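Since this is a predicted model, take the numbers as computed values, not measurements. As a basis for the values below, the full set of heavy atoms in this structure was taken, side chains included, without hydrogen atoms, waters or symmetry mates. Order of the sequence lines sets the chain letters (A, B, ...), proteins ahead of strands, with each chain counted from 1.
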Amino acid sequence: MAKHLLLIDGNSIVFRAFFAMHSQIDKFTNQDGLHTAAIYGFKLMLDHVLDSFHPDAALVAFDAGKVTFRTKMYGDYKGGRNKTPEELTEQLPYVRELVQKSGLHSYELPNYEADDIIGTLAKQADDAGYETLIVTGDRDLTQLASDHTTVAVTHKGVTETEHYTPAHVEEKLGITPTQIIDMKALMGDSSDNYPGVTKVGEKTAIKLVKQFGSVEGLYDHINELKKSKMKEHLVDEEDIARQCKTLATILRDAPVKIGLQDLSYQGPQTEELIEFYREMDFKSFLKKMNINPDDDEEHLSTIKYVQLSKDNLDQLKQLTGEVSFYLEMPEANYHLSPFAGFVIGDGQHWFVSRETELLNQQPLKHILESTEIKKNVFNAKAQIVGLHRLGVDFRNVDFDLLLASYLLNTNDNSNDLGNVAREHGFNDVQTDEAVYGKGAKRTIPDDDQVFFDHLVHKAHAIDHLRVSLFKQLDENEQRPLYTDIELPLTRVLAEMEMTGVHVDAQTLKNMGSKLKERMAEIEAQIYEEAGEKFNINSTKQLGHILFEKLKLPVIKKTKTGYSTAVDVLEKLAPQAEIVEQILQYRQISKLQSTYITGLLKVIHSSDQKIHTRYLQTLTQTGRLSSVDPNLQNIPVRLPEGRQIRRAFVPSHEGWQIFSSDYSQVELRVLAHITGDKNLQTDFKNGEDIHAATARRIFHLQPDQKIDPNMRRRAKAVNFGIVYGISDYGLAQRIHVSRKDAHEFIQNYFKEFPNVKKYIHDTVDFAREHGYVETITHRRRYLPDINAKNFSRRSFAERTAMNTPIQGSAADIIKIAMIRMQDELQKHHLQAKMLLQIHDELVFEAPAEEIPVLQKLVPSVMDSAVKLDVPLKVESKFGDTWYDLKK
DNA sequence: ATACTCACG
DNA sequence: ACGTACGTGAGTATG
């Protein structure tokens, strides 16, 4: 068998590792304050590579210094680069140490780059019949790919790589690996700072290389090119092109003083590595080696506690001030989870028990229900629901660690108390995973000591973090958001979840059997057309049938094969009958699996209701989400799917479903926060906003009729503005040319100049402060806003403009929900709020209350906040969620 | 576990 | 020239 050689581009991997983890740079420091993210990332990459590639020989090549033969030849080579940050340079010696202790050789050569060392040794290896793997963060090295040399380029982090073989290069660029040199010579390289030929980019470069084979071939036949600007540039800049080719060429014969025989890989020096990991604080690697990372480190603190039973409950009478409380429910779904135990205490005295029946006994029940005694918790909604199931009405939550942490930073959030505490610099508590295990092995420990100790540390963490998180909320001007919106909302959501929505199982079952018949018919037709049976749900098998057997044109690819998504199939539908049938099959199978069997599974047998959970601390924008099941995506757009809503019925005879929704709330928010006079005028005049937009951007006369197609386009532009527009995206959506789409957008900005200004200002604000805000000071941090990578940065820019809009709309409905719940109580209504679907509230109520709701609900919703434009609310009601009528 | 597809606002 | 709209959750296939 051929020998295997591993060549690693040391500097480029270190750079990649450093910047991949840059957002968490301060988390990766060891006890001496040394930054370790790059070392850590390098080690991750190393493990990952050695897992699948078992080298007989291995080398990590480093750059020897700034000066190389290339800089001597071309002074600006790699010029203009930012200075390497100190946090990175300090890590380089340790990376070398890691390399050596991991059993790999390292090498550098004055005057040459790591690339040249790799190119030279890869050539020697090819000649000697080795199989070689090159690992790098630098795409330039793909020019080294050959039949026996694969180049793995790191993708996102450092462990995800894209493997370049000559075939892969051919597929991606349509040229051979060595022609990459010619391509780069013509197009230049901005990061290495050499220019290439003026106005020649990747597309043109590839075209020329394909046509002439190489830079030399091009200039031999330059006369064959038609007269053009491009030709002039090529002729004028021949010298530049030839020089760039030299710069772009990785040497295959650098004067390296080592050979393949010097590179044998013997595996890691385990003892020394362990010592090194300890020094670096790499606990996860030590754990992988089954070594306790804490052996010579501090343990968690010892906290004293008292175990409660029915005989010593009286001791709790000493708790009269503020308490921290934690009821442990091992399963995520707190509507159903068993109870494992609880802890309560005031920071001085802690009490624990597995006997959750005690919670319903005095004086414990009194403390939990008291509106005098403040409670500190982690995830108040779960605690309210859990305690409700135990017969306790949990009141007066003051501090919710999870909720406060989410408001401070939506990015680094976790549902685990241990993780959240760590985010805030408090390490004296373990994660549930560390104590209970994960996956199938997850279990509450039998050992009282272990279990109670964990509970007490959790309560202690809550108690400890209270002051500092409140302080941070104050500093961010987020205290009212927490106190007046999110915390009261928690109780409203808990009540909605506990109320649940009544779903008629028989209706679903009847629909299910009809769908099943229809599905069998379509399935038979599909097999007929295809000439064989196959799994229609398998995109792989379906791709094979459509694109290989039936030879339909490939419109779009995914990273693993052919795309068979709706937009693709719709384009193919005219060409083959089978495609339409597949679309139908998909539609029905989605309804069947997600909405018929899916919903049937989650109807509680006790009350015939579905009790979803709203996640209040998940989305990046401040919206809610809904799980187990998701009741925010019940079909409505297509008539077939809409039928599902027939199963959503009131829970009492003679009651009705009532629903109110905000009309165009996001665009109204846009009109408000941009202060754009034209947009505000259109809303104040009560215009059909998409029609009004069409009138403006297509310059129609006041008396001119708006054809539906114009309105449709204007609507798409409005959506685009809210989402962070691009001409390409808009063009795709409304099937016009990119040029036309561009013009629509330009017209829009001319007509609504303050919208344009807002977009600019918001992105600017984000660049300067690193976050954006909604009208209630809800924050979203955008670490990528200054990213070097174009697409990451663009994405951050789009979210910068979208988040204040989507997030403010979320703020508004949250305020409305809190007031709504109050009003229902104040008016002694039996009506219950059941669902929130982003801009819509769904209720059930006795028929006689419907007229009351018709006035009350819209008035509460449209006055939730005062904007510079009116908020418009529309209501409907009916016997089921399907039958809603105005 | 990850990718793909598709349901909603 | 880059790579496309923003925010979610769930079911199925497959490595």
Assign [X] to base, sugar-phosphate, or nothing according to its heavy-atom contacts below 4.0 angstrom with the strands shown.
{"X": "A:Glu840", "value": "nothing"}
{"X": "A:Ser794", "value": "nothing"}
{"X": "A:Arg586", "value": "sugar-phosphate"}
{"X": "A:Ile634", "value": "sugar-phosphate"}

Q. In what stems does DNA chain C take part, counting only runs of at least 3 consecutive Watson-Crick or G-U pairs whose two distances fall under 3.5 Å?
A.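 The stems that DNA chain C takes part in, listed by first number, are B:1-9 with C:6-14.
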Test of understanding: with side chain to side chain contact (heavy atoms under 4.5 Å, CB included), list the residues that count as partners of [X], not counting sequence neighbours.
{"X": "A:Ala741", "result": "A:Asp727, A:Leu730, A:Ala731, A:Val736"}
{"X": "A:Gln620", "result": "A:Thr410, A:Asn411, A:Arg780"}
{"X": "A:Tyr728", "result": "A:Ser726, A:Gln732, A:Arg738"}
{"X": "A:Met861", "result": "A:Ser660, A:Tyr662, A:Ala816, A:Leu841, A:Val857, A:Val873"}

Rounded to the nearest Å, what distance is computed from the [atom1] atom of residue [X] to the [atom2] atom of nucleotide [N]?
{"X": "A:Leu591", "N": "B:dA7", "atom1": "CG", "atom2": "P", "answer": "7 Å"}
{"X": "A:Gln592", "N": "B:dC6", "atom1": "CD", "atom2": "C1'", "answer": "16 Å"}
{"X": "A:Phe795", "N": "C:dA5", "atom1": "CZ", "atom2": "C1'", "answer": "10 Å"}
{"X": "A:Glu666", "N": "C:dA5", "atom1": "CD", "atom2": "P", "answer": "17 Å"}
{"X": "A:His838", "N": "C:dC6", "atom1": "NE2", "atom2": "P", "answer": "16 Å"}
{"X": "A:Asp727", "N": "C:dA1", "atom1": "CG", "atom2": "C1'", "answer": "13 Å"}
{"X": "A:Ile812", "N": "B:dG9", "atom1": "CD1", "atom2": "P", "answer": "18 Å"}
{"X": "A:Leu835", "N": "B:dC8", "atom1": "CG", "atom2": "P", "answer": "15 Å"}

Tell me every residue that passes side-chain hydrogen bond (donor to acceptor under 3.5 Å, both in side chains) with [X], counting only those two or more places apart in sequence or in another chain.
{"X": "A:His163", "result": "none"}
{"X": "A:Gln643", "result": "A:Arg646, A:Tyr882"}
{"X": "A:Thr507", "result": "A:Asp504"}

Would you say [X] places a side-chain N or O within less than 4.0 Å of OP1 or OP2 belonging to [N]?
{"X": "A:Arg642", "N": "B:dA7", "value": "no"}
{"X": "A:Thr558", "N": "B:dC4", "value": "yes"}
{"X": "A:Arg637", "N": "B:dC8", "value": "yes"}

Nucleotide of [options] approaching [X] most closely (side-chain heavy atoms):
{"X": "A:Val566", "options": "B:dT5, B:dC6, C:dG3", "result": "B:dC6"}
{"X": "A:Pro635", "options": "C:dC2, B:dG9, B:dA7", "result": "B:dA7"}
{"X": "A:Tyr723", "options": "C:dA5, B:dT5, C:dG7", "result": "C:dA5"}
{"X": "A:Ala565", "options": "C:dC6, B:dC6, C:dT8", "result": "B:dC6"}
{"X": "A:Ser563", "options": "C:dG3, B:dT5, C:dC6", "result": "B:dT5"}

Once base and sugar-phosphate atoms are separated, protein heavy atoms under 4.0 Å mark nucleotides 9-15 of chain C, 5' to 3', with B, S and - as BSSSSSS
Contacts of A:Arg798 and A:Arg793 projected onto DNA chain C by closest heavy atom; the upstream (5') one is A:Arg793
Nearest-nucleotide check on DNA chain C, A:Lys203 vs A:Gln620; residue mapping nearer the 5' end is A:Lys203
Should the pair [X]-[Y] be classified as a salt bridge under the 4.0 Å nitrogen-to-oxygen rule?
{"X": "A:Lys172", "Y": "A:Glu162", "result": "yes"}
{"X": "A:Asp140", "Y": "A:Lys184", "result": "yes"}
{"X": "A:Glu874", "Y": "A:Lys872", "result": "yes"}
{"X": "A:Asp784", "Y": "A:Arg793", "result": "no"}
{"X": "A:Asp567", "Y": "A:Lys556", "result": "yes"}

Review point. Would you say the side chains of A:Asp811 and A:Thr774 form a donor-acceptor pair under 3.5 Å?
Key: yes
Rounded to whole angstrom, note down the P distance from B:dC4 over to C:dA5.
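The same atom, P, in both gives a distance of 14 Å.
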Problem - Separation of the P atoms in B:dA3 and C:dT4, to the nearest angstrom - result: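 One P to the other, the span is 15 Å.
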- Which residues within residues 712-720 of chain A lie with some heavy atom under 4.0 Å of an atom in DNA chain C?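 Heavy-atom cutoff 4.0 Å gives A:Ala716, A:Gly720.
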*For DNA chain C, the residues among residues 732-742 of chain A that have a non-hydrogen atom under 4.0 Å from it*: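 Contacts with DNA chain C under 4.0 Å: A:Arg733, A:Arg738.
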Is A:Arg798 close enough and on-axis enough to A:Tyr723, meaning under 6.0 Å and within 45°, for cation-pi? no
Sorted by chain and number, sequence neighbours left out, ring-ring contact (aromatic ring centres under 6.0 Å, His included) with A:His604 holds for A:His611
Counting only heavy atoms from other residues, nucleotides and ligands, does the tally under 6.0 Å from NZ of A:Lys557 exceed 12?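 Counting other residues, nucleotides and ligands, NZ of A:Lys557 stays at 12 neighbours or fewer.
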Polar side-chain contact A:Gln632-B:dC8 base: donor and acceptor under 3.5 Å:
no
